[in-house]
Amino acid sequence: MALFFRAPILSGFDLGFGERGDGMIEISILEHWRNVLSGAAAWQTTSYFHPYTGTLGYNDGYFLYGLVYSFWRLFADPFHADTLNILTFKTIGFVAAYWLVARTLGWGRSAAALVALLWTVASNISLQAVHAQLQSVALLPVAMMLAIAIVRAEQEKRHRRARLLAVALAALMAAWLLTAYYMAWFTIFSAGLFAVCWCALSGNWRPAALLGLARRHAGTLACAAGAFIVLIIPFLAIYLPKVRETGGEPYHEMLGYLVTPLVDMINVGADNYVWGWIFRPLLALVHAILPADPALPGRVLGGEHEAGVPLILFILIVTAAWRIIVRRRAGQDRAASTELRAFALAMMVAWLLTLQFWVASPWGLVFELVPGAKGMRVVSRYQLWLVLPFLLLVLATWRERATLLARSKPWLAGLIVALLVAENLSAESPARLSRSEQRAALWGIPAPPAGCATFYVVAARRNEPLFLNAYMNARYPHNVDAMFLAELWRVPTINGFSTFNPPDWKFTDPLAADYDARVMDYARRHKLRGLCRLDVRRAHPWTHIPG
């Protein structure tokens, strides 16, 4: 935990996860849930994008995050509460991964500690903590433990226990979908892949065998399906209308976020302490080929593409999968179980589906055929989800030999563990949001005066440097500040920025000559009254707009 949180710790807990854009959006949504729990807001409608309703559906819902965050807000300000929220979920992930390996799988405490450690400090999960919702992957071992417990209870004919656990798993998945769509969808999709692979390898793929299997477990399956159908209603109610409105993510938008074979599979970033030397020349090469666009190397190899696994772990994953699937062995010359072979095959298929071959990818089939796939743009995030299954495959293959090595040459075993940890560490930090800077900029702004029923922002900060580039600067700073302030003040704003925006949203470039005219046109069409203008560059920042 200290390794993962080293940047916030070394900053004196000034730095939090995320950055000026997405980090502020996330905290705004968490503040929305605090307002919901206090009775000041409807759960499905945020204080931004006014007067549209159901606006929570334009982005991840952050439901479980919001519950935890609201607790921490009893003791801390929004920025510290956000960090404490991530701390809570990382703790859940560490403990749950340990229990999964030590108790559910029964592989021993040392193996459990190693998996929990490597999963907590995993390079891609750490680097992508700039998108805080992805840390909800911490719920994966909880879901796996519940699923295994359901199967075991069914095998032992403890049907009541199995059905209660099935309802609990359905509740977890429904809540997870309303929290962070990517990781929850990957979990459901991967479970489907595993079921297909298991049926194929166990001989249960024939219709008669499948029907017999369903009949034997009909009660538990019905409880799971029924509970999930009921509990997913809030998620569907908020997101289906937005899918119809926006159409979801087009396929061409995903092409830049698929996994380049080999390169992205091991991409841990140019600042990785062990393997960064591999990617620094690649970044220089891309820049040399296309020098006119200095941001291109980062878009090709940086950002969301830094989602690969470190090289040593990559080699261990590939060899483990080969031994389990092809040689059908795990550990020391023992035949791998059907379940382990199906698990290994499903995880390898999942990884291969994300690969991109110029403009073609097997993910195109998933995009067209699997419900919900059109809701995702950054498919490379699947690699974050796969880290824990990959660690389990490696452990299933090598744990007995590792145990023998630890007994005969503990110094060598310790060196290997240290190297496995070190190759996950990077000088690049996902903690980029300064609490002191945000408070200095925003805390001194007076709340909207009486008569302001809603507001819009021209500028919420003075002399702020350019945010990333001109394109991003025109969209993010004033809009995300408006979102945060609206939730903090509990006064709605017409501004906002999200994965998707309302159909007549035109609030970019606030310093353009026509910005106020665009706002007035929006206000007339939506019949807004009591609109106020915020521009902190003026001596009196608030202006009432007649109408």
Side-chain angles (χ1 to χ4, degrees), residues 16-18 22-89 92 132-133 135-136 171-172 174-180 231 233-235 237-239 242 433 435 438-439 441-457 460 479-498 528 530 532 534 542:
F17 294 101
D22 289 343
M24 293 296 290
I25 292 174
E26 182 231 357
I27 295 176
S28 299
I29 300 173
L30 297 181
E31 277 291 311
H32 162 71
W33 283 110
R34 178 170 176 258
N35 292 335
V36 171
L37 293 175
S38 65
W43 74 270
Q44 71 273 34
T45 300
T46 60
S47 294
Y48 50 88
F49 294 143
H50 183 75
Y52 282 92
T53 59
T55 48
L56 185 67
Y58 285 122
N59 206 330
D60 277 320
Y62 291 92
F63 170 60
L64 294 175
Y65 273 23
L67 299 182
V68 174
Y69 170 90
S70 297
F71 168 77
W72 289 119
R73 279 288 274 123
L74 297 173
F75 316 100
D77 71 10
F79 304 101
H80 276 163
D82 181 49
T83 302
L84 289 166
N85 174 65
I86 299 301
L87 174 63
T88 302
F89 275 84
I92 291 170
Q133 70 270 36
Q135 299 306 307
S136 70
L172 173 65
W176 196 355
L177 282 167
L178 195 54
T179 300
L231 294 169
I233 288 174
F235 170 80
I238 195 68
Y239 284 102
K242 298 308 175 187
L433 188 65
R435 171 180 178 266
Q438 307 313 311
R439 288 177 61 93
L442 301 175
W443 252 238
I445 300 176
C452 288
T454 185
F455 70 96
Y456 73 99
V457 169
N479 278 309
V480 300
D481 283 347
M483 295 168 69
F484 177 76
L485 293 171
E487 298 293 351
L488 205 63
W489 293 332
R490 298 177 177 176
V491 177
T493 180
I494 64 173
N495 288 110
F497 195 79
S498 194
L528 298 181
C532 290
L534 174 63
W542 286 104

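Small disclaimer: the values here were computed from a predicted structure and weren't measured.
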Classify the ring geometry of W542 against F455: parallel below 30°, tilted from 30° to 60°, perpendicular beyond 60°. perpendicular
Straight-line distance of [X] [atom1] to [Y] [atom2], nearest 0.5 Å:
X	Y	atom1	atom2	answer
F17	E26	CZ	CD	11.0 Å
D481	N495	CG	CG	10.0 Å
T45	H50	OG1	NE2	10.5 Å
H80	W72	NE2	CH2	12.5 Å
M24	D22	CE	CG	11.5 Å
Y69	N85	OH	CG	9.0 Å

Please report whether the ring centroid of F63 lies less than 6.0 Å from that of F235.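 Aromatic pair excluded; centres sit 6.0 Å or further apart.
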State plainly whether the residues E31 and R73 are in salt-bridge range, i.e. N to O under 4.0 Å.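 Here E31 pairs with R73 in a salt bridge, since their nearest N and O are under 4.0 Å apart.
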Shortest non-hydrogen contact between [X] and [Y], atoms and distance:
X	Y	value
V480	I25	CG1-CG1, 3.4 Å
G57	I238	N-CG1, 3.6 Å
A76	L84	CB-CD1, 4.3 Å
V491	C452	CG1-O, 4.0 Å
A132	I86	CB-CD1, 3.8 Å
R34	S70	CA-OG, 3.3 Å

Could you walk me through whether Y65 and W33 pass ring-ring contact (aromatic ring centres under 6.0 Å, His included), step by step? CA-CA 9 Å; Y65 273 23; W33 283 110; over 10 Å; no
Applying side chain to side chain contact (heavy atoms under 4.5 Å, CB included), run through Y48 and I29 and close with a yes or a no. CA-CA 10 Å; Y48 50 88; I29 300 173; 3.4 Å; yes
Quick check against the 3.5 Å criterion: does [X] have a side-chain atom that pairs as donor or acceptor with the backbone of [Y]?
X	Y	result
N35	E487	yes
S498	Y58	yes
T46	T55	no
S47	R490	no
Y239	N59	yes

Beyond-backbone contact of T493 with N479, side-chain heavy atoms, under 4.5 angstrom: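 Result no, sub-4.5 Å side-chain heavy-atom pair not found.
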Is there side-chain contact between L488 and L442, with heavy atoms separated by less than 4.5 Å?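 In short, these two side chains do not touch, never coming nearer than 4.5 Å.
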Evaluate side chain to side chain contact (heavy atoms under 4.5 Å, CB included) for I445 paired with W489, printing each intermediate quantity in order. CA-CA 11 Å; I445 300 176; W489 293 332; 3.7 Å; yes
